[in-house]
Amino acid sequence: EACVDVDPTDACTTCACDACREAIDLCYQDSLCVDVLTCAQRTGCVGVDCLAAEICGPVIDAAGGVFTAPVQNANAVGNCRGQNCAAECG
């Protein structure tokens, strides 16, 4: 589970786990979703910017493309985090 043993000094992750637990738990049930989410977090991309080949495009393609459940679920985590944790996550 994604939100077990979260570093309490990591304000962004703590906020996301509090505000977006359902979306995070759903994503972490699928390794392809986790791959997309990890790439987006590593690169800092949001939305369509992630589709670029030099950013997360290959990871999104490997997950089946933008309209598949893994990518949609990763996007839901990102949207939730953006709406609820912008101050904590920068």
Side-chain angles (χ1 to χ4, degrees):
E1 182 174 310
C3 292
V4 173
D5 297 326
V6 170
D7 178 355
T9 64
D10 182 345
C12 178
T13 301
T14 300
C15 177
C17 284
D18 289 344
C20 309
R21 170 80 59 148
E22 187 175 314
I24 291 170
D25 286 347
L26 181 62
C27 183
Y28 270 74
Q29 293 174 20
D30 184 335
S31 65
L32 294 173
C33 184
V34 174
D35 291 346
V36 173
L37 186 61
T38 300
C39 183
Q41 290 174 335
R42 180 178 45 79
T43 62
C45 71
V46 177
V48 296
D49 293 342
C50 296
L51 295 173
E54 67 277 8
I55 302 179
C56 293
V59 177
I60 291 168
D61 289 344
V66 296
F67 298 110
T68 61
V71 177
Q72 293 296 310
N73 291 339
N75 195 44
V77 173
N79 288 341
C80 179
R81 194 176 84 166
Q83 291 171 358
N84 295 287
C85 303
E88 294 83 353
C89 298

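Numbers here are sequence positions counted from 1.
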Report task. For the pair Cys20 and Cys85, evaluate disulfide bond (SG atoms under 2.5 Å apart) and give the outcome as yes or no after the intermediate values. Result -> CA-CA 9 Å; Cys20 309; Cys85 303; 5.2 Å; no

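Taken to the nearest 0.5 Å, the CD atom of Gln72 stands 7.0 Å off from the OG1 atom of Thr68. Taken from SG in Cys17 to CD1 in Ile24, the straight-line distance is 4.5 Å, to the nearest 0.5 Å.
For the pair Asp30 and Val34, the minimum side-chain heavy-atom distance is 4.5 Å or more. In this structure, the side chains of Arg81 and Cys12 come closer than 4.5 Å at one or more pairs of heavy atoms. Side-chain contact check for Arg21 versus Asp25: some heavy-atom pair is nearer than 4.5 Å.
In terms of heavy-atom proximity, Thr9 sits nearest to Asp7 at OG1-OD1, 2.7 Å. When all heavy atoms are compared, the tightest approach of Ala63 to Pro70 is O-CG, 4.0 Å.
Cysteines Cys39 and Cys56 place their SG atoms closer than 2.5 Å to one another.
When hydrophobic clusters are built by joining Ile, Leu, Val, Met, Phe, Trp and Tyr residues whose side-chain heavy atoms come closer than 4.5 Å, directly or via intermediates, Phe67 is grouped together with Val59. Hydrophobic cluster membership is shared by Val66 and Val36, with clusters built from Ile, Leu, Val, Met, Phe, Trp and Tyr side chains linked at under 4.5 angstrom.
Atom CD of Glu22 has 12 or fewer neighbouring heavy atoms from other residues, nucleotides or ligands inside a 6.0 Å radius.
The side chain to side chain contact (heavy atoms under 4.5 Å, CB included) test with Ile60 is passed by exactly one of Asn75, Val71, Ile55, Leu32: Val71.
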